[in-house]
Asks: 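Input: one structure, supplied below.
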Amino acid sequence: MSKATKIAEKAVTVAAQGAWSVFERVNRISPNPSFIPRWSEKPLLKSYQKTKPPLGWPRTTDSLCPKCVPEIRQQILDGKLPHEVLLNEKVGEIKAQIIERDGKILMVKDCPKHGHFEDVMSIDTAFFRHLEEVFPGRDIRAHNDEKLHNHGTSTVIHGRGSVLTIDLTNRCNMMCDPCFMDANQVGFVHELKWEEIKTMLDNAVQIKPRRQMSVQFSGGEPTISPYFLDAIAYARKVGYNSVQAATNGIEFAKSKELCRAAAEAGLRYAYLQFDGIGNAANSHRKVGNLFDVKLQAIHNLHEAGVDIVPVTTIINGINNEQVGHIIQFALDNPKKINFVSFQPVSFTGRDEGLSDERRIAQRYTQSHLAHDVKRQTGLGEPTRDWFPISFMGTFSDWADLVHGPQADWGQLSCGCHPDCGMGMALMIDKETKEVVPVTAFLNADRLAKDIAKINDAARGKFLSILGVSLALLRNYDPTKSPKHFKITDLLAKFDKCFGATGRSYGKVSGDRTMADIEQRRADRWNFLFIASMWFQDLFNYDFRRTEQCIIPYATQEGEISFCAYNTGVGWRNIIEKMHMTSTLTKWYEEHGRHEIFAGGKKVGMNEAKHSLVLNQEHVTAAANDTLDKLGIAKNAREEKLRARDAKLKQDASDANMARLYREHILGEKPPETGFIPLTNLTNTAAQAAPPPAKEEPVMGD
């Protein structure tokens, strides 16, 4: 686009500023009351009606003791306590303070029995403050939900959520660290029956507000469930447009037929485990060719019409240097990747009982991510370009207003606590690969305030669209946008996201075709969203976050907050044990053992070809060895092995000291076999000890 065109567009934005001033003054006159949409029994909330939890610091909140909770959970699993204790008592709960110390935000808490605990929540106080200050407030309180939301202090209270997760099975075809559900290690199989899957999906649409959530099938590895494809199709039938699979990609890499079948059933997104660029960067997952598997899975899925979201568990000392590599991978492949999700590690499941040394060394927060993105890619000013994902609630409210009271579904609304998740949007030219943060040329903070005023006035569709168009233009700076980006592109991208005008950009509903998919992909501009979801663990648990969770799990015992299910009091362990399908022995007898890739075993693929652009320097980079240099274990298995070896050495040392005491103090004669060196004692003790964990474990080892 020529410089003259950019100047002309600047003039348009100046004119829009004047028009907005008139519109905003008139719009304040006699605002309309909010309507009650078909998908809710309560009216839409105006911005000033939204409540907020206590924010800022210092503040006090309700948390959990990292030692009490596992002890009480084990009593429930052993049958010594009924699980109803979680409904009626504040099990393991203690108060916590969120404070500032030495330029960091910390959670500190004390248990009368187990003492003091503290952990870092942010390494940047200004960034932490920014995320909380732009939080627009809680969503509509959930209602018509008494049967599904009844989990004591862990109950979800606000909103309907944005991603409903259903674990189809606890079986997995990998055996890796970290694993928040400790897959393949609990000694039994928990796998949903078909009627249970249908019931969970049927129940989900009964809760109000009834929002157009994404349904994510997870596990274990969902693709090894016999009902994987049926579940996708049924979710579409119920009415969900966005059906996802949280997957390691192995089965998709092995079979193009599975990719096509999943797409035909209605799979829209594959949330693909993706820990870095190159096999070395993925080596902690213990699959010999895991990166090659990821590339083939992306190729096969994209070819079938499924969109791919690389999902990265970020751990300090394991793969934190991969943040920039992964984003660069997305930037190099804008026609195939339009969403990247980072998940700072949550110490739960296989890693719940870790040492303080490892926890402190591996802890990674959202503030770490914002600074790593800036440092490793040069993109993103932390307090300008990153916002809590709940920030988009104001925009969803506008779409709900425009779609009117007769809409069957509300807009997807990510109304979580500002400490839970955040995002940064990049606008990428698919042709030239030029990239600019959206908030570098669009004043998002002021835009959200403008749209909140439009929402509060509650006008009809025409005036609401007119108002938001003026707001977009007045907050847009064409001189800072990508070279070929136009005002019409800005308006079209906004409309494409929220479907306000009714213009077709390619259907996303259950009857979409490959032609619809290709139409949506033909857009020159890739709106790449870099997201972060920071799931809690027992060291940073905050019940104010749990009660407005947007990622509930559908279970046989109702819908439970993601963090309350996987961490918190640990509903997962209890519910899976309560509703286990089979003991491991019986399962093996009836079904045999499924294949597990571990210990460096490679996945066999029918073909290994793709058209993805790769940075070879990133592909061939060595694995992160930071923890090795520090002498810190990388995972739970290493910690257990080190603890066992230390005990063997201590036992050998104690035995040798006892021998010396008997000989030199008590005057006892040494055995006829003579002196046994310390090294021999160590070897003898090691021979008597149980063998270490196998490099190629099977389920239940």
Side-chain angles (χ1 to χ4, degrees), residues 1 5 9 12-13 15-16 19-20 23 35 37-39 44 211-214 236 239-242 266 268-269 305 307 334-335 338-339 392-413 425-431 438 441-442 444 447-448 450-451 454-455 458-476 478 481-482 484-529:
M1 185 186 299
T5 304
E9 288 198 337
V12 172
T13 64
W20 166 261
F23 175 87
F35 59 76
R38 181 181 295 177
W39 45 269
L44 300 180
R211 295 197 179 274
Q212 179 51 260
M213 297 192 306
S214 297
R236 282 285 201 174
Y240 292 114
N241 291 332
S242 180
R268 186 174 175 189
Y269 294 105
D307 291 332
K335 295 183 179 180
N338 54 23
F339 198 112
M392 292 303 295
T394 300
F395 300 81
S396 298
D397 291 344
W398 174 81
D400 285 334
L401 176 66
V402 168
H403 287 283
Q406 299 307 311
D408 290 325
W409 300 80
Q411 292 291 304
L412 184 148
S413 183
L426 303 177
M427 193 65 72
I428 306 173
D429 188 332
K430 293 180 183 178
E431 302 303 322
V438 170
F441 60 84
L442 191 66
L447 174 62
D450 289 348
I451 294 179
I454 297 169
N455 297 341
R459 306 300 179 192
K461 182 174 182 177
F462 174 79
L463 288 177
S464 296
I465 292 176
L466 173 63
V468 87
S469 299
L470 293 174
L472 280 167
L473 293 176
R474 93 177 190 106
N475 286 289
Y476 172 59
S481 65
H484 299 286
F485 193 75
K486 304 184 294 294
I487 281 178
T488 52
D489 295 321
L490 174 68
L491 298 174
K493 292 300 289 187
F494 194 88
D495 189 32
K496 185 179 179 181
C497 287
F498 298 104
T501 66
R503 177 184 172 187
S504 176
Y505 298 93
K507 290 186 292 186
V508 297
S509 52
D511 58 345
R512 72 172 186 161
T513 65
M514 196 63 192
D516 293 312
I517 295 169
E518 294 298 341
Q519 183 181 351
R520 294 188 73 82
R521 288 178 174 176
D523 188 343
R524 176 173 182 168
W525 298 101
N526 181 15
F527 185 83
L528 175 66
F529 194 69

Asks: Taking side-chain contact (heavy atoms from CB on, under 4.5 Å) as the test, write out the residues that go with Arg38, two or more places apart.
Replies: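 Scan of Arg38 (side-chain contact (heavy atoms from CB on, under 4.5 Å), adjacent residues dropped) gives Gln406, Asp408.
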Asks: Any heavy-atom pair between the side chains of Ile428 and Trp525 that's under 4.5 Å?
Replies: no
Asks: Ser504: what forms a side-chain hydrogen bond (donor to acceptor under 3.5 Å, both in side chains) with it, not counting sequence neighbours?
Replies: none
Asks: Which residues pass the side-chain hydrogen bond (donor to acceptor under 3.5 Å, both in side chains) test with Lys486, not counting sequence neighbours?
Replies: Asp489
Asks: Given side chains that start at C-beta, do those of Leu442 and Leu447 come closer than 4.5 Å, heavy atoms only?
Replies: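 Sidechains of Leu447 and Leu442: in contact.
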Asks: Just to verify, what does Ala19 make a side-chain contact (heavy atoms from CB on, under 4.5 Å) with, not counting sequence neighbours?
Replies: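 Applying side-chain contact (heavy atoms from CB on, under 4.5 Å) to Ala19 gives Leu470.
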Asks: So, the side chain of Arg211 versus the backbone of Gly410: is there a donor-acceptor pair under 3.5 Å, distance only?
Replies: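 No; judged by distance alone, with no hydrogens or angles, the pair does not exist.
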Asks: Looking only at heavy atoms, what is the nearest atom pair of Gly305 and Met514, with distance?
Replies: CA-CE, 3.8 Å
Asks: Starting at CG of Leu491, measure out to CG of Leu473 and round the result to the nearest 0.5 Å.
Replies: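 Between Leu491 CG and Leu473 CG, I get 5.5 Å after rounding to 0.5 Å.
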Asks: From Lys496 NZ over to Tyr505 OH, what is the distance, rounded to the nearest 0.5 angstrom?
Replies: 8.5 Å
Asks: What pairs with Asn455 under side-chain hydrogen bond (donor to acceptor under 3.5 Å, both in side chains), at least two apart in sequence or on another chain?
Replies: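 None.
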Asks: So do the side chains of Leu426 and Phe527 get within less than 4.5 Å of each other, counting heavy atoms only?
Replies: no
Asks: Who pairs with Ser214 by side-chain hydrogen bond (donor to acceptor under 3.5 Å, both in side chains), at least two apart in sequence or on another chain?
Replies: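 For Ser214, the residues satisfying side-chain hydrogen bond (donor to acceptor under 3.5 Å, both in side chains) (neighbours in sequence not counted) are Ser242, Gln244.
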Asks: Under the ring pair (Phe, Tyr, Trp, His ring centres under 6.0 Å) rule, collect the residues that match up with Phe441, sequence neighbours excluded.
Replies: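 Ring pair (Phe, Tyr, Trp, His ring centres under 6.0 Å) check on Phe441 returns Tyr476, Phe485.
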Asks: Under the ring pair (Phe, Tyr, Trp, His ring centres under 6.0 Å) test, which residues partner Trp39, sequence neighbours left out?
Replies: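 Applying ring pair (Phe, Tyr, Trp, His ring centres under 6.0 Å) to Trp39 gives none.
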Asks: Test your reading of the model: is there a side-chain donor-acceptor pair from Lys335 to the backbone of Arg521, 3.5 Å cut-off?
Replies: no
Asks: Using modelled atom types and a 3.5 Å cut-off, is there a donor and acceptor pairing between side-chain atoms of Asp516 and backbone atoms of Thr513?
Replies: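 It does hold such a pair.
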Asks: Identify whether the distance between the nearest side-chain nitrogen and carboxylate oxygen of Lys430 and Asp523 falls below 4.0 Å.
Replies: no
Asks: Quick one: side-chain contact (heavy atoms from CB on, under 4.5 Å) partners of Asn338, sequence neighbours excluded?
Replies: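 For Asn338 the side-chain contact (heavy atoms from CB on, under 4.5 Å) partners, ignoring immediate neighbours, are Asn526.
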Asks: Keeping the roles fixed (side chain from Asp495, backbone from Thr501), state whether a donor-acceptor pair exists under 3.5 Å.
Replies: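 Pair found, side chain donor or acceptor close to backbone of Thr501.
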Asks: Does the pair Arg512 and Arg236 meet the rule for a side-chain contact (heavy atoms from CB on, under 4.5 Å), with working shown?
Replies: CA-CA 11 Å; Arg512 72 172 186 161; Arg236 282 285 201 174; 3.4 Å; yes
Asks: Does the pair Asp429/Arg524 count as a salt bridge with the N-to-O cut at 4.0 Å?
Replies: yes
Asks: Can you list every side chain to side chain donor-acceptor pair (under 3.5 Å) pair that touches residues 459-473, not counting sequence neighbours?
Replies: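 As it turns out, the side chain to side chain donor-acceptor pair (under 3.5 Å) pairs with a partner in residues 459-473, which skip direct neighbours, are Asn27-Arg459.
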Asks: Would you say that Trp409 contacts His403 through its side chain, given a criterion of any heavy-atom pair below 4.5 Å between the two side chains?
Replies: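 Sidechains of His403 and Trp409: no contact.
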Asks: About how many Å separate CH2 of Trp20 and CG of Asn475, when rounded to the nearest 0.5 Å?
Replies: 8.5 Å
Asks: Would you say Thr394 and Asp397 are linked by a side-chain donor-acceptor pair, where the criterion is simply a distance under 3.5 Å?
Replies: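 Result is no, nothing qualifies.
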Asks: Starting from the C-alpha separation in whole Å, work towards a yes-or-no answer on side-chain contact (heavy atoms from CB on, under 4.5 Å) for Arg474 and Thr13.
Replies: CA-CA 5 Å; Arg474 93 177 190 106; Thr13 64; over 6 Å; no
Asks: Could you tell me the separation between the CG atom of Leu401 and the CD atom of Gln411, rounded to the nearest 0.5 Å?
Replies: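 Spacing of CG (Leu401) from CD (Gln411) equals 11.0 Å.
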Asks: Which residues pass the ring pair (Phe, Tyr, Trp, His ring centres under 6.0 Å) test with Phe494, sequence neighbours left out?
Replies: Trp398, Phe498
Asks: Which residues pass the side-chain contact (heavy atoms from CB on, under 4.5 Å) test with Ser509, sequence neighbours left out?
Replies: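 Partners of Ser509 by the side-chain contact (heavy atoms from CB on, under 4.5 Å) criterion, ordered by chain and then number, come out as Asn241, Lys507, Asp511.
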